[in-house]
Protein chains: 2
Amino acid sequence: MTKSYQSEIIAVGTELLLGQIANTNAEWMSEQLAAYGINVYNHTVVGDNLDRVEQAFRLAQSRSDIVIVTGGLGPTEDDMTREGFEQLTGLEMVEDKVTMDKIESYYQARNRTMTPNNRKQARVFEGARVLKNNAGMAPGMYVDFQGTHWFFLPGVPREMKQISVEELFPFLESLTGKQQVIQSTVLKFIGIGESNLEHELTDMIHEQTNPTIAPLAQDQGVVIRVTASASSKEEAQKLVADKKQEILARVGDYCFGEDEQTIENKVIELLIEKNKTIGVAESLTGGLFSSNLVSAAGASNVFAGSLVTYQTAAKTSLLDLSAEWISTYGVVSQECAEVMAKQTALKLNTPMAISFTGVAGPDEQEGKPVGQVYIAIWDEDKVVESSSILLSGNRNNIRERAALKGFELLYQYLNK
Amino acid sequence: MTKSYQSEIIAVGTELLLGQIANTNAEWMSEQLAAYGINVYNHTVVGDNLDRVEQAFRLAQSRSDIVIVTGGLGPTEDDMTREGFEQLTGLEMVEDKVTMDKIESYYQARNRTMTPNNRKQARVFEGARVLKNNAGMAPGMYVDFQGTHWFFLPGVPREMKQISVEELFPFLESLTGKQQVIQSTVLKFIGIGESNLEHELTDMIHEQTNPTIAPLAQDQGVVIRVTASASSKEEAQKLVADKKQEILARVGDYCFGEDEQTIENKVIELLIEKNKTIGVAESLTGGLFSSNLVSAAGASNVFAGSLVTYQTAAKTSLLDLSAEWISTYGVVSQECAEVMAKQTALKLNTPMAISFTGVAGPDEQEGKPVGQVYIAIWDEDKVVESSSILLSGNRNNIRERAALKGFELLYQYLNK
């Protein structure tokens with residue numbers, strides 16, 4: 001029975017609190033630690049302020065087995081990590097000869113004079129294990145303080161990652177012993193809301209232990225992360241695979257892919273599979289659907305082009321809709337979506353076409369409310385899908401949701 | 001004497017601790033708060049665990065004037081934010097009728113059955129100020145607990161940002177505005193890099209005190225935030241205005257607007273001013289330029305439509321480029337960009353047109369390297385701009401930079 005370690009990650013740097021950069025170090029480190037079976041319970045960001053750094057360290061010392069600190073090890077005045085830990089622990093700082101030699105030879109090699117504050121980077125805590133930095137100057141270090149394992153790493157992502165892979169993780173594994181292996185997969189859904197998805201799986205979510213099931217709403221739809229831990233990779237993978245089948249047995253109709261799969265990639269895959277090319281007609285979306293499709297590599301195999309008929313006049317000049325036809329059916333109608341799709345397939349000589357028309361707002365149009373959207377799909381010689389939907393949100397939310405709905409309808413049609 | 005507020009940001013969500021996503025919400029919020037002159041002293045990430053959420057809230061209550069919580073407000077079982085705050089404060093939860101009506105009508109309008117857990121999203125603390133969510137279901141809320149200002153926001157970035165801009169910041173300003181007199185303006189630049197801009201203003205940036213001058217590279221180009229604090233609003237505004245003039249005297253040629261102004265809005269304004277409509281021809285950008293143009297309200301006054309001629313065949317079918325012409329000049333050439341613009345103006349009956357062709361990658365095309373892009377502008381009866389540029393980055397960076405370059409060229413031409 002291996003002990004379960006509780007860890008946390010502390011980033012030191014005012015630039016994070018100013019919103020100049022995101023704390024991607026914590027994101028990366030958390031993903032790595034999860035793979036080593038170490039639970040991360042907190043991320044903390046604190047600025048370059050001695051007392052607040054010490055306060056963050058004090059809290060971590062009181063609650064965690066493993067603390068990983070990134071940043072604040074540099075040569076400048078505002079690098080406070082060493083000082084904060086010194087103030088908390090009273091540990092002495094010494095100069096690491098290996099690091100100092102490295103710094104000196106660096107400056108000699110470039111005939112540059114070393115400034116005093118460069119020495120600061122060679123200072124480590126007495127008895128600390130130095131974690132070699134092959135990507136930069138300041139080394140990382142490991143300190144065991146009253147049974148809590150402290151790791152200090154530079155804030156520059158490249159250096160932080162390299163030291164972690166080369167020095168930290170191997171040592172951590174020897175320290176904690178072989179932990180449970182963690183495997184996880186992200187199932188991606190479209191056409192079902194987070195709450196409906198959750199409702200379908202309520203009992204599974206209530207009873208979840210291992211694997212865990214975590215639904216999460218994202219801009220492109222809902223995902224479920226299935227995470228299992230076991231003593232072997234194979235065992236963990238089997239747990240994930242079994243739970244995945246259990247989930248898909250209930251809501252598989254809405255699941256379009258896993259992990260890195262996007263709905264754009266999936267639709268392109270299906271079009272290639274069916275050997276179809278597609279044209280697009282866009283009114284309210286104004287090119288957004290086409291642009292999203294093209295954002296996925298491989299689009300050139302299936303996407304011929306688009307007619308963005310934004311102004312009504314363009315529907316006449318590009319799609320040959322007569323003024324009479326328009327005055328009869330209007331440009332915000334199911335009929336218009338259907339004829340847009342048909343004419344686009346004709347103009348582009350593609351078997352398939354999808355069309356979008358509707359009211360993005362701010363004002364209503366032809367008596368149709370803001371958010372009213374019509375989407376049609378043409379295949380070979382007929383309309384195979386014609387939807388009328390009401391979307392909420394502001395002008396651009398509506399455009400984004402209309403484009404996403406288009407991918408949903410296309411996926412459902414091609415996946416039949 | 002202005003009171004200085006100490007704020008912190010707490011993100012609730014195990015997905016962050018698993019390294020599934022970075023805490024970009026804290027990054028964005030911090031940058032916004034800095035602009036309001038509010039100091040952010042801590043970021044904290046805590047998982048979907050009732051006791052740890054309460055622990056994080058308890059610490060925040062003990063040290064901060066303003067606490068902003070993102071995430072954990074959704075309908076699902078693992079959303080713990082309400083419960084954690086309830087456990088800390090003992091405040092009662094009530095159902096917000098406006099939100100409940102919205103949820104119910106949402107489901108009615110779509111003939112979908114509401115699941116019980118949807119009601120959860122309508123629960124707010126007694127006496128809380130509800131922050132309307134125009135981008136999604138769960139509203140944000142504001143609670144004053146024992147003098148600490150608590151703001152709760154959904155974790156989905158799109159919803160979090162929209163509620164912040166529409167509801168949180170205006171209220172926050174009214175809350176802190178009495179003591180705080182901070183005025184700032186954001187000057188927006190295009191066609192000049194961050195380092196060149198800084199070089200032009202080096203001395204001003206070194207000598208800055210009040211107002212402060214903060215250059216920041218953003219997706220749409222470079223911005224400079226000028227922030228001044230003073231005892232009266234008028235005084236602060238005057239400080240900002242004077243510094244602004246000083247800056248524009250040096251680099252005004254590159255400044256297209258301020259604050260909420262976008263390059264899309266600016267181009268639309270100039271087109272309206274010159275009473276011109278425009279058509280667009282897109283190849284590598286695949287509709288991105290058009291979509292960006294349409295993202296700005298008012299586009300319908302000037303944007304007729306686009307021909308997205310992605311595959312070469314579409315250049316023939318939509319733009320009448322003969323196979324012979326294409327074999328002579330190629331589809332990745334200055335000549336092609338120019339004829340695309342001309343033909344588009346012709347097809348759409350617009351005085352102006354802009355065109356994009358090039359190589360987004362991953363592979364080179366017609367012997368042209370990845371990143372090679374050609375942009376042409378047509379006005380009345382001739383090509384008035386024809387650019388050949390080499391862009392760096394991955395497939396989508398190149399597409400985005402090409403579209404932005406198009407706005408830059410249009411702005412410079414229309415602004416003459």
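Remember, predicted model here, so these are calculated numbers, not experimental data. Chain letters run A, B, ... following the sequence lines, proteins first and then strands; every chain starts at 1.
- Considering only heavy-atom pairs separated by less than 4.5 Å from chain B, the leading option among A:Thr44, A:Thr212, A:Ile9, A:Leu18 is A:Leu18.
- With a 4.5 Å cut-off on side-chain heavy atoms, A:Val373 and A:Lys405 do not count as touching.
- Among A:Ala297, A:Gly393, A:Ala314, A:Gly19, the residue making the largest number of heavy-atom pairs under 4.5 Å with chain B is A:Gly19.
- Judged purely by atom type and a 3.5 angstrom limit, B:Thr344 has no side-chain atom pairing as donor or acceptor with the backbone of B:Gly279.
- Side chain to side chain, A:Thr285 and A:Glu282 meet the donor-acceptor criterion of an N or O pair below 3.5 Å.
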Hey, mind stepping through A:Asp259 and A:Lys188 against salt bridge (Lys or Arg N to Asp or Glu O under 4.0 Å) and telling me if it holds?
CA-CA 7 Å; A:Asp259 299 326; A:Lys188 300 192 166 182; over 6 Å; no
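- With chain B as partner, the option from A:Thr24, A:Leu16, A:Ile205 having the largest number of non-hydrogen pairs under 4.5 angstrom is A:Leu16.
- Interface residue B:Asn349: only side-chain heavy atoms are found under 4.5 Å from chain A.
- For the 3.5 Å distance criterion, the side chains of A:Thr227 and A:Gln183 fail to qualify, holding no donor opposite an acceptor.
- With a 4.5 angstrom heavy-atom cutoff, B:Ala56 does not touch chain A via any of its atoms.
- In this structure, chain A has no heavy atom under 4.5 Å from any part of B:Ala281.
- Looking at B:Ala313, neither its backbone nor its side chain comes within 4.5 Å of chain A, counting heavy atoms on both sides.
- Heavy atoms closer than 4.5 Å to chain B are found in the side chain of A:Asn396, but not in its backbone.
- Top candidate by heavy-atom pairs under 4.5 Å with chain B, chosen from A:Ala26, A:Ser283, A:Ala22, is A:Ala22.
- In terms of heavy-atom pairs under 4.5 Å with chain B, the best-connected choice from A:Asn23, A:Leu293, A:Asn196 is A:Asn196.
- Checked for salt-bridge contact, B:Lys315 and B:Asp320 miss the test: no charged N lies under 4.0 Å from a carboxylate O.
- Neither the backbone nor the side chain of A:Val12 comes within less than 4.5 Å of any heavy atom in chain B.
- A donor-acceptor contact closer than 3.5 angstrom links the side chains of B:His43 and B:Ser30.
- Within the 4.5 angstrom heavy-atom criterion, only backbone atoms of B:Leu284 (N, CA, C, O) approach chain A.
- Heavy atoms of B:Leu318 lying under 4.5 Å from chain A belong exclusively to its side chain.
- For B:Gln20, the parts lying near chain A are the backbone and the side chain together; criterion is any non-hydrogen pair under 4.5 Å.
- For a residue to count as touching a neighbouring chain, one of its non-hydrogen atoms must lie under 4.5 Å from one of that chain's; by this rule B:Asn25 does not touch chain A.
- Figure legend: cation-pi geometry between A:Arg52 and B:Tyr41, with NZ or CZ positioned under 6.0 Å from the six-membered ring centre and within 45° of its axis.
- If you measure heavy-atom distances from B:Arg158 to chain A, the contacts under 4.5 Å come from both the backbone and the side chain.
- Of the listed residues A:Ser295, A:Gly47, A:Ser290, the one with more heavy-atom pairs under 4.5 angstrom with chain B than any other is A:Ser295.
- A heavy-atom distance below 4.5 Å is not found between the side chains of B:Gln162 and B:Asn133.
- Heavy-atom distances place no part of A:Leu346 under 4.5 Å from chain B, backbone and side chain included.
- In this model, no donor atom of one side chain and acceptor atom of the other lie less than 3.5 Å apart for A:Gln6 and A:Asn39.
- Only the backbone of B:Thr309 comes within contact range of chain A, with at least one heavy atom under 4.5 Å from a heavy atom of that chain.
- Counted by atom type alone, B:Lys120 and B:Asn118 present zero donor-acceptor pairs between their side chains at under 3.5 Å.
- If you measure heavy-atom distances from A:Glu8 to chain B, you find no contacts under 4.5 Å at all.
- A:Arg399 and B:Ser291 share a donor-acceptor pair across their side chains, judged by distance under 3.5 Å alone.
- For the set B:Val46, B:Val40, B:Leu288, B:Thr76, the count of heavy-atom pairs under 4.5 angstrom toward chain A peaks at B:Thr76.
- Taking chain A as the reference chain and counting heavy-atom pairs below 4.5 Å, the highest number among B:Gly286, B:Pro75, B:Ala304, B:Gly305 is found for B:Ala304.
- The greatest number of non-hydrogen atom pairs below 4.5 Å with chain A, out of B:Ala135, B:Ser317, B:Gly74, B:Ala360, is found for B:Ala135.
- The shortest non-hydrogen separation linking B:Tyr106 to A:Ser392 is CE1-OG, 4.5 Å.
- Remark: the B:Glu166 side chain and the B:Asn134 side chain contain an N/O donor-acceptor pair separated by less than 3.5 Å.
- Residue contact with chain B, scored on non-hydrogen atoms closer than 4.5 Å, involves the side chain of A:Val186 exclusively.
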